[in-house]
Structures are given as structure tokens and as C-alpha cells.
Trainee: 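To start, I am sharing the structure in question, which I have written as C-alpha cells.
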Amino acid sequence: MKPSIPQGTRDFSPSEVRKRQYILQTIRTIFERYGYQPLETPSMENLTTLMGKYGEEGDRLIFKILNNGLHEKKDADKKNLNEEWQKLLEKPYSTPVVTERALRYDLTIPFARYVVMHQHELAFPFRRYQMQPVWRADRPQKGRYREFWQCDCDVVGSTSLINEAELLCIYQSAFHHLAVPQVTVKINSRKLLAGMAAIAGHESQMMDITIAIDKLDKIGWEGVTKELHNRGIDAEGITKIQNIISLSGTNDGILEQLAQLMQEHQCTIGLQGVEELKQTLQYYETLKSSDWSGTIAVDASLARGLNYYTGIIVEVTTAAVKMGSIGGGGRYDDLTGLFGLKGLSGVGISFGVDRIYDVIEELGLFPEALESGCKAMVVNFGGENETYALQVVQQLRNAGIATELYPDAVKFDKQMKYAHKRNIPFVLLLGDEERAQQLISIKDFRTGTQQKLPLAEVIQHLSNE
RNA sequence: GAGGCAUUAGCUCAGUUGGUUAGAGCGUCGGAUUGUGGUUCCGAAGGUCGUGGGUUCGACCCCCAUAUGCCUCCCCA
């Protein structure tokens with residue numbers, strides 16, 4: 001049979017896994033440094049945990065898992081099975097007889113579920129980070145898969161804006177360590193968006209307005225105007241919205257203008273949004289490190305799709321590569337309320353690992369050392385030389401040097417080609433001559449140079465590389 | 001969920017207005033070269049032309065269905 005993998009999934013080859021691990025490890029270190037703790041949740045959740053949390057579109061995209069043990073069902077259930085199967089083909093495809101579990105759709109809802117279930121053993125504020133794959137029954141496109149990794153970092157149980165400011169620091173620090181250039185973290189507040197909707201005279205349509213202006217980058221102001229009109233916003237309202245989101249200047253300047261506008265309209269929630277942004281940026285100024293090159297930019301047009309956000313929202317982009325956002329997040333006031341735990345505010349951010357990978361790859365910024373995990377290969381000359389080589393290779397490993405011995409005493413040429421293809425930087429030769437002299441010939445593949453050294457010096461040489 | 005394009009060797013792609021044995025480059029393998037890789041030269045292997053139907057004397061080519069990839073919309077990461 002012809003081998004294949006399911007639609008929208010990918011194999012990750014050794015070098016790709018190395019590169020992704022490098023990204024995850026870099027981010028993990030930063031998370032830990034800010035006191036966040038690792039959490040993992042099951043690949044599958046009960047369907048009832050997930051349904052209704054991601055909107056109508058989301059429900060459709062949840063990967064349902066067929067119940068196992070169907071043969072153990074009662075006869076009454078079996079009779080219904082055909083009917084249930086028919087229903088399965090209809091929206092929203094969920095019938096308990098056929099499916100009662102589903103694959104994880106994101107990391108946020110399982111996190112909320114976890115917090116509610118473990119509320120009595122957790123110390124609040126609870127900070128956790130989570131890096132796991134998620135699944136969506138979406139139609140695959142470029143940069144869109146049915147299985148992909150998410151990398152989230154959230155804190156619940158604190159309303160302090162210090163959390164927001166620290167998360168901004170985590171972004172800046174992580175991208176600094178990954179050497180991603182020209183990073184901008186756009187920041188806005190849902191409260192400001194709510195204020196804007198009120199000023200436009202369409203307070204109840206904040207979501208419609210949000211969805212429309214979220215597309216500004218993509219379809220331009222003309223497209224947004226059309227979209228707003230289609231969503232029932234009148235011309236006067238549209239003008240007012242445009243006035244607000246087209247504000248530009250320094251962060252302080254924009255916030256000052258916004259404060260004035262909100263003041264004129266006596267918009268309490270909008271003013272609150274401005275105050276929160278000011279406070280967050282003030283904390284950030286105190287926390288920030290001088291070697292971070294990224295910037296923070298107040299952007300009144302930033303909207304973000306997810307509808308559970310209620311406060312500050314952020315989104316990360318890099319101007320170095322033409323690419324959508326590489327991270328985003330925000331505050332949600334009542335996420336755990338869905339599971340019966342009210343009044344627990346949280347704020348979190350997410351790293352778009354796949355896109356970050358693409359950015360770093362495109363800019364050629366992955367460290368060279370990731371290319372091969374193995375530092376040296378010992379050529380196999382067979383016979384007594386092989387025995388000697390086995391001893392040497394193990395001593396190198398014990399000294400912490402990743403080494404492999406070519407397992408077969410095949411033609412020299414073939415062994416060299418293998419080492420070259422594997423990107424192994426050093427080749428060690430232990431033949432009759434070297435064995436007699438108790439020396440090792442070490443060849444640097446990158447320069448083509450070769451020298452004969454005692455084992456101790458070889459170990460030192462390789463350790464210093 | 002809607003519309004469009006594509007699928008030929010391991011990879012990137014030619015190809016025939018439907019007509020006997022389907023081609024190239026790269027890669028792979030073997031040899032020149034059994035202690036020196038990237039270069040060079042010689043040779044070889046490798047394809048039921050995505051899958052299943054249909055039209056036809058005859059289909060890689062035309063029609064239908066289906067799978068997968070990509071693009072636009074929707075939505076989003």
C-alpha cells in the first residue's frame with residue numbers, strides 16, 4: 001500500500017524537531033523565570049466540556065471521538081444507533097450514544113476546567129504554562145493544520161495589571177532570546193472597544209464592530225467600512241469609529257487623545273480602558289530590560305477574535321517577515337464561570353510556535369549547532385581497530401560528547417559520505433597506525449583540516465567546540 | 001460551509017490536438033577510487049501517469065466521482 005498521513009497533519013523530521021524544541025525550550029525558560037509552572041492535560045476531553053465554548057463555528061471544528069465499546073451498548077441503544085449515525089452527519093454532530101469525547105481544541109478551556117476541578121489545592125494567583133498539540137477539524141491551508149502546537153501562559157486569580165506588564169516582558173524577553181527582529185507588541189483594551197461602540201451609538205454591537213475592524217490590516221479601511229455597513233452600523237457611527245481607530249502618534253499621545261474623546265462622551269468604560277493601558281505601560285517601563293529591541297504600540301484598531309476577552313488585549317507581529325501575528329492574548333474576567341467558579345479573573349498570552357518557526361527559518365536565525373546532534377563519528381576499520389574504536393567512542397560519550405561509531409566496517413568512502421550527509425562536524429580515524437601510536441586522527445569536516453592527538457586532547461578539543 | 005487550481009520516478013517538473021517500448025535534471029545505488037567527504041567521469045535501478053468508475057477500437061490525455069495538496073472567501077493559530 002502507498003503510505004500516507006491524515007489530512008492536515010505533518011511529520012516532523014529530526015532537524016525540524018530540533019528547531020522546534022529550541023523554540024519551546026527558549027520560551028519555557030522564560031516562563032519558568034517569571035514563576036509560571038508547567039501543566040499538561042489529556043489529549044481528549046469530555047465533549048460537554050468543549051461544546052459551546054468556541055462559538056457555533058468552533059463546535060463544528062471540534063474533533064469528535066467515536067465511542068469505543070459500542071457493542072456493549074444495551075439493545076435499546078443499538079436500535080437507535082442507525083438513527084444516531086444519521087444525526088452525526090448533521091450539525092452540530094454530537095450525540096452521546098455515538099460520541100461523548102473529543103480531542104483538545106485549545107489549551108485555555110482545559111486549563112479553566114483544571115482550575116475549577118483543582119481549586120482547593122491550588123495557591124492563587126495560579127500561574128501555569130502549557131505546550132501541547134491541539135486538533136481542529138478545519139479545512140487545511142498553508143499555515144493551517146488539523147494538528148498543531150499551542151504554547152500558552154496564563155495567570156488566574158489576580159486582577160493586578162502587573163500581570164499584564166509581566167506578560168509583555170515575557171514576549172519581549174522570549175523574542176529577544178530567539179533573536180527575532182523588529183517585534184511589535186500591539187496593545188489595546190476591550191473596554192476601549194466597548195467605549196468606541198457606545199460613542200458610535202451601537203453599544204450592543206461591540207462584537208460586530210470588533211470583528212469588522214479586526215480585518216483592517218487585511219481588507220483596508222474601505223473593506224471595513226463595507227463590513228460595518230453590512231453589520232448595520234450607520235454612516236455617522238462609522239465615521240466616529242474611524243476617528244478613533246485611526247489615531248496615531250506616540251503611545252502617550254494616543255492615550256491622551258483617547259482619554260479626551262472618552263471624557264467628551266462621558267464614557268466611563270472607555271476611560272477605564274485608557275487608565276488600565278496607562279497603568280500597564282507604566283509597570284512595563286519599570287520592568288523592561290534595556291537590551292530588548294521590541295516595541296510596545298498602543299493600537300486602537302486591535303480587536304482579536306476571541307470573544308471571552310474583557311480587558312487588555314495584545315498581539316505580536318514582526319515587520320521582518322510578511323506573516324500574520326506570531327502571538328496574542330488578553331484578559332478574560334470570567335473564564336472559569338463556565339464551569340461554575342465565578343469571579344476568577346485571568347490573563348494570558350500565547351505563542352504561535354509554527355509561525356515563529358517559519359519566521360526564524362526564513363530569516364536563517366536558527367543556531368547552527370542544531371543542525372546535527374552528533375558531534376563526532378568514528379570510522380570503523382574493522383577487526384582489532386573496531387574493538388579499540390568501541391572503547392574510544394564510549395570514553396567520548398562518558399565525557400559528554402555525542403559520538404557515534406559507524407556500525408559496519410564498510411568502505412571508507414561510504415563512511416565519509418555518511419558523516420557528511422549527517423552534518424557531523426568531526427570524523428575520528430583509528431586505524432592500525434593510530435592504534436600503534438595511541439593517537440587519534442581528528443578531521444574537522446568544516447575546514448578539511450586534520451591532526452593527530454592523544455585521546456585526552458581530542459576530548460578537550462571536542463568539548464571546547 | 002462555498003468557489004478555483006493542481007496531482008506523471010524518492011524530489012522538481014516536461015510530455016502526447018486520444019495511437020506500438022512515458023522523458024529530463026537532481027537524488028539514490030554500483031564502479032573509476034578497499035585511509036579521506038562536497039567536484040568529475042562511466043553505468044544501473046526506479047513509474048499499474050493519486051484512486052475508482054465511464055466514454056472509445058484504443059485513455060497519462062476527454063467525462064464523472066473520490067482522496068490529498070495549494071489559493072480565495074468564511075473562520076482562525
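The structure displayed is predicted, hence computed values, not measured ones. Hydrogens, waters and symmetry mates play no part in the numbers below; they use all other heavy atoms, side chains included. Proteins come first, then strands; the chains are lettered A, B, ... in the order of their sequence lines, and each starts at number 1.
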Trainee: With under 30° as parallel and over 60° as perpendicular, where do the rings of Phe412(A) and Phe381(A) fit, or are they tilted in between?
Mentor: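 Geometry flag for Phe381(A) against Phe412(A): parallel rings.
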Trainee: Could you measure between the two P atoms, the one in U48(B) and the one in G38(B), and give it in whole Å?
Mentor: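 About 32 Å, rounded to a whole number of Å.
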Trainee: Find the partner of C62(B): check Watson-Crick (N1-N3 plus N6-O4 or O6-N4) and G-U wobble (N1-O2, O6-N3) distances, both under 3.5 Å, and reply none if neither fits.
Mentor: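 With both distances under 3.5 Å, C62(B) matches G54(B).
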Trainee: With P as the reference atom in both, quote the distance from U33(B) to C42(B) in angstrom, rounded to an integer.
Mentor: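 To the nearest whole Å, 16 Å.
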Trainee: Could you state the CD1-P distance from Ile27(A) to A77(B), rounded to the nearest angstrom?
Mentor: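 Checked: the CD1 to P distance equals 16 Å.
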Trainee: Could you encode protein contacts along nucleotides 31-45 of chain B as a string, one character per nucleotide from 5' to 3', using B for base contact, S for sugar-phosphate-only contact and - for no contact, with a heavy-atom cut-off of under 4.0 Å?
Mentor: S---BBBS-------
Trainee: Parallel, tilted or perpendicular: which one describes the rings of Tyr54(A) and Tyr105(A), with boundaries at 30° and 60°?
Mentor: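 Tilted, since the angle between the ring planes falls between 30° and 60°.
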Trainee: Can you measure Asp59(A) atom CG to C76(B) atom P for me and round it to whole angstrom units?
Mentor: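 Atom CG in Asp59(A) sits about 13 Å away from atom P in C76(B).
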Trainee: In whole angstrom, give me the gap between the C1' atoms of C29(B) and G15(B).
Mentor: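 My reading of the C1' atoms in C29(B) and G15(B) gives 27 Å.
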Trainee: Which is more 5' along RNA chain B, the nucleotide nearest Ser325(A) or the one nearest Lys421(A)? Just name the residue.
Mentor: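 On the 5' side of the pair lies Lys421(A).
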Trainee: Taking the P atom in each of C61(B) and U8(B), what is the distance between them to the nearest angstrom?
Mentor: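 The same atom, P, in both gives a distance of 14 Å.
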Trainee: Reading nucleotides 66-71 of chain B from the 5' end, what letters show protein touch, with B for base, S for backbone sugar-phosphate only, - for no heavy atom under 4.0 Å?
Mentor: --SSSS
Trainee: Could you give the distance separating G46(B) and G1(B) at their P atoms, to the nearest angstrom?
Mentor: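 Roughly 43 Å separates the two P atoms.
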Trainee: In whole angstrom, give the distance that lies between atom CE of Met131(A) and atom C1' of A77(B).
Mentor: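 Checked: the CE to C1' distance equals 16 Å.
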Trainee: Surrounding CD of Glu361(A) (heavy atoms of other residues, nucleotides or ligands, distance under 6.0 Å), is the total greater than 12?
Mentor: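 Yes, the 6.0 Å shell around CD holds more than 12 heavy atoms from other groups.
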Trainee: Should G25(B) form a Watson-Crick or G-U wobble pair with both distances under 3.5 Å, which nucleotide is its partner?
Mentor: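 Base-paired to C11(B).
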Trainee: Is the NZ or CZ atom of Arg20(A) both under 6.0 Å from the centre of the six-membered ring of Phe12(A) and within 45° of that ring's axis?
Mentor: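 Yes, Arg20(A) and Phe12(A) form such a contact.
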Trainee: Report the distance from atom CG of Leu61(A) to atom C1' of C75(B), rounded to the nearest whole Å.
Mentor: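 Computing the Leu61(A):CG to C75(B):C1' distance gives 8 Å.
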Trainee: From CG of Asp138(A) over to P of C73(B), roughly how many Å is that when rounded to an integer?
Mentor: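 Answer to the nearest Å: 14 Å.
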Trainee: Just name whichever nucleotide pairs with C49(B), Watson-Crick or G-U, keeping both distances under 3.5 Å, else none.
Mentor: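 The answer is none; no pair meets the criterion.
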Trainee: Applying the Watson-Crick and G-U wobble criteria at under 3.5 Å, what pairs with A77(B)? Answer none if nothing qualifies.
Mentor: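 Partner of A77(B): none.
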Trainee: Would you call the rings of Tyr332(A) and Tyr308(A) parallel, tilted or perpendicular, taking 30° and 60° as the class edges?
Mentor: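 Perpendicular, since the angle between the ring planes exceeds 60°.
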Trainee: Separation of Arg60(A) atom CZ from C76(B) atom C1', in whole Å?
Mentor: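 Distance check: Arg60(A) CZ to C76(B) C1' gives 12 Å.
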Trainee: Which pair of non-hydrogen atoms, one from Asp214(A) and one from Arg304(A), has the smallest distance, and what is that distance?
Mentor: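 Closest pair (atom of Asp214(A), atom of Arg304(A), distance): OD1-N, 3.3 Å.
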Trainee: If the P atom of G18(B) is compared with that of A59(B), how far apart are they to the nearest Å?
Mentor: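 Those two atoms are separated by 13 Å.
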